[in-house]
Amino acid sequence: MARNITPKEEDYSQWYLDVIKVAELADYAPVRGCMVIRPWGYAIWESIQSQLDARFKETGHVNAYFPLLIPASFLEKEAEHVEGFSPECAVVTHAGGEELEEPFVIRPTSETVIGYMYSRWVQSWRDLPVLINQWCNVMRWEKRPRLFLRTSEFLWQEGHTAHATKEEAIDETLKMLEVYRSFMEEVLALPVVTGEKSEGERFPGALNTYTCEAMMSDKRALQVGTSHFLGQNFSKAFDISFQNRDGNMDYAWTTSWGTSTRLIGAVIMTHSDDDGLVLPPRLAPVKAVLVPISTDERKLEDMLLPKARELANRLEAVLGPRSVIVDSQFHLRPGDRFFYHLQRGIPLRLELGEREWDRCALRAVRRDTAQKEEIPWDAVDSAVPRILEEMQRALYERALAFREANTYHAGSFDEFKELLEEKGGFIKAYFAGGVAEEKAIKEATTATVRCLPLNDNSKGRCFYTKKDGGRLAIFAKAY
RNA sequence: CGGGGCGUAGCGCAGUCUGGUUUAGCGCACCUGCUUUGGGAGCAGGGGGUCGAAGGUUCAAAUCCUUUCGCCCCGACCA
């Protein structure tokens, strides 16, 4: 049992911060609300980046880079957009030792500059669709920062597409939501509910926002990815117009979609335990660590270490370059070395001591369950990937079972309040209210509409307004 | 931005109320040596802080006063 981590049960927030600290994922920066992503944390982000990026490329998108600074006037061109974002914008007023004529906003998101550029690039229906993504940082001056979940500056990816027709843009919006869902479930082992955002939770300027919502291990909800159907709002504001096949002028239909370093927070809060970080194997930058153990220094150097390196090389041929490390911190005792890797969430520890040596084997210990298994040397190539995949699946199944076990249905507001107070978690209920009702529910309970799940078109009597024809909604307390 | 808590060594804290008795102390971590070594070792020796910052009161301030910065928790705002 780790002794430098506050147990989850004792103080969840502190546990979360402790895990980040002992796993060396991030640290506080000198500027309030900003964080330094340390090498191990950044390696996780790179893993997310490369795997998501591949999926974007597979769906026809290309990467580009748009500037950090946006003319302040751009934000104002879309009414809802400026209202939504101006409170959290950082503004540059001086540069080159002089006050600027027009201040620049540090991008909180890039719909506006990208809209401006698209209007110059798009003339004809033949120029569409435009399918561009960018990996970058954005800044939103948050009142209450939390490492990874809500920092003033964060890293993300924002896809921006423009299409000739409404249908195509809607298809794109849903397609990317699906890319997120599959990535989160397959790589992050993060079960998510996909759905539509309610009116009150919609992206400022969007006609419709779709979301991936996940349940953290304290039963609170976290929005881990969003995809927006922007209609023609931005194309009208920035004049992304084109001549269609019939020769008539038309405004493009645009979408945007994003996910961020918040995903790292989601992974921590979904899988980790009181011993520290737990990483799903497909996400983990390092999937296994070989730990030679002996009291005899010569055996370590002459037999165990070379063997460990040989096995690591063989494993890397199967698992990928730099995915296996050999621990040679021989100045530490085995327990210390175990804990070091345990806290950093490396999925599999492969011990090679004299006992294993004599049997031509390794002792594998799974990070999530501490389950032990002996693997003969000549079976590592098949056994290790097998165990990793078992662990990957187990993490997903466990998280899914947790979510299912903490999802309830409420038929009335009284029942809703009771469930929320006594059980927490996700509460499904038919809802027919609007922004005003959402707000009232939030004020009374602090719970919000997380989404209106897709693939459920059932209608029912609204738990709050008692009106018929309510759509199924998921409510929860959220981060 | 409102309410609450807190800034003393890398981390966690004691000392602050009742200024001087501390050349500011303890645990963990760190360094050196020896013994150890399969889920966080033991002994011995050692290094490190001027008490968040600025100003003030006083013969004397970590301790009192003022201002300021930052962090954490709870709310309103959000990926």
Side-chain angles (χ1 to χ4, degrees), chain A residues 1-6 11-14 16-18 21-22 24 27-35 83-89 107-109 136-158 180 197 200-204 209 211-214 221-228 256-266 275-276 291-297 299-300 304 329-343 349-357 362-363 365 367 370 372 374 439 442-443 446 448 477-479:
Chain A
M1 184 58 68
R3 54 189 188 199
N4 51 357
I5 298 178
T6 306
D11 183 343
Y12 195 85
S13 306
Q14 195 53 52
Y16 175 75
L17 294 169
D18 287 347
K21 188 175 173 184
V22 303
E24 299 179 347
D27 205 347
Y28 293 102
V31 175
R32 179 192 152 76
C34 293
M35 67 172 168
E83 195 185 323
F85 280 107
S86 55
E88 49 190 76
C89 280
R107 64 179 161 221
T109 178
C136 65
N137 57 344
V138 285
M139 181 159 272
R140 298 179 186 179
W141 215 255
E142 300 293 349
K143 309 280 185 204
R144 210 178 143 189
R146 257 162 102 48
L147 292 179
F148 289 114
L149 300 180
R150 196 181 302 99
T151 45
S152 294
E153 181 189 6
F154 59 94
L155 303 183
W156 79 343
Q157 131 305 289
E158 48 179 327
Y180 286 146
K197 278 293 186 190
E201 298 278 329
R202 207 171 278 158
F203 176 79
T209 288
T211 176
C212 294
E213 296 286 327
L222 184 71
Q223 177 177 312
V224 282
T226 49
S227 187
H228 314 292
S256 68
W257 26 274
T259 192
S260 70
T261 37
R262 171 179 275 191
L263 284 173
I264 297 174
D275 284 334
V291 189
I293 303 161
S294 174
T295 54
D296 185 331
E297 224 167 290
K299 282 185 180 165
L300 271 176
L304 301 172
Q329 305 175 84
F330 299 140
H331 60 285
L332 299 177
R333 282 159 308 102
D336 294 310
R337 295 158 70 197
F338 294 170
F339 266 84
Y340 176 78
H341 302 293
L342 202 63
Q343 295 194 320
R349 181 173 79 236
L350 300 168
E351 301 173 11
L352 177 59
E354 291 177 51
R355 291 207 292 261
E356 287 77 25
W357 177 271
L362 291 174
R363 186 189 197 220
V365 186
R367 173 60 182 87
K372 295 162 183 72
E374 187 168 287
K439 211 173 166 189
K442 186 178 180 182
E443 268 166 30
T446 77
T448 49
K477 296 188 182 187
Y479 275 100

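Just so we're on the same page: letters track the sequence lines, and every chain starts at 1. These values consider heavy atoms only, across backbone and side chains, with no hydrogens, waters or symmetry-generated copies.
The same atom, P, is picked in B/rA79 and in B/rG42; the two are 49 Å apart, to the nearest Å. One P atom belongs to B/rC73, the other to B/rG12, and the distance between them is 13 Å to the nearest Å.
Residues satisfying the side-chain hydrogen bond (donor to acceptor under 3.5 Å, both in side chains) criterion with A/Glu88, sequence neighbours excluded, are absent altogether. Partners of A/Asp296 according to the side chain to side chain contact (heavy atoms under 4.5 Å, CB included) rule, which considers only residues two or more places apart in sequence or in another chain, are A/Ser294, A/Arg298, A/Lys299, A/Glu354. Qualifying side-chain hydrogen bond (donor to acceptor under 3.5 Å, both in side chains) partners for A/Tyr479, counting only residues two or more places apart in sequence or in other chains: A/Asp218. Scanning for side-chain hydrogen bond (donor to acceptor under 3.5 Å, both in side chains) contacts around A/Glu24 gives A/Arg344, with sequence neighbours left out. Every residue meeting the side-chain hydrogen bond (donor to acceptor under 3.5 Å, both in side chains) condition with A/Tyr180, not counting sequence neighbours, appears here in chain and number order: A/Gln157. A/Glu374 meets the side chain to side chain contact (heavy atoms under 4.5 Å, CB included) test with A/Arg359, A/Ala361; sequence neighbours excluded.
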Heteroatom pairs (N/O) under 3.5 angstrom, protein to nucleotides 42-46 of chain B:
none

Scan nucleotides 69-72 of chain B against the protein and return all N/O pairs shorter than 3.5 Å with their distances rounded to 0.1 Å.
| from | atom 1 | to | atom 2 | distance (Å) |
| --- | --- | --- | --- | --- |
| B/rC71 | OP2 | A/Arg32 | NH1 | 3.1 |
| B/rC72 | OP1 | A/Tyr28 | OH | 2.8 |

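Within 4.0 Å (heavy atoms only), A/Pro87 reaches no atom of the nucleic acid at all. Using a 4.0 Å heavy-atom criterion, one finds that A/Leu149 contacts the bases of the nucleic acid, with or without backbone contacts as well.
Look at B/rG39: it lacks any Watson-Crick or wobble partner with both distances under 3.5 angstrom. Base pairing analysis places B/rC26 opposite B/rG12; the two distances defining the Watson-Crick or G-U wobble pair are each below 3.5 Å.
Residue order along RNA chain B, read from the 5' end via each residue's closest nucleotide, puts A/Val365 first among A/Val365 and A/Ala478. Mapping A/Tyr479 and A/Phe330 onto RNA chain B via the closest heavy atom, the residue that lands nearer the 5' end is A/Phe330.
Looking at every heavy atom in both residues, A/Val22 comes nearest to A/Gln343 through CB-OE1, 3.7 Å.
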Only pairs under 3.5 Å count here: list side-chain donor-acceptor contacts from residues 142-156 of chain A, not counting sequence neighbours, and write none if there are none.
| from | atom 1 | to | atom 2 | distance (Å) |
| --- | --- | --- | --- | --- |
| A/Arg150 | NH1 | A/Arg144 | O | 3.3 |
| A/Thr151 | OG1 | A/Glu153 | O | 2.8 |
| A/Glu153 | OE2 | A/Asn137 | ND2 | 2.8 |

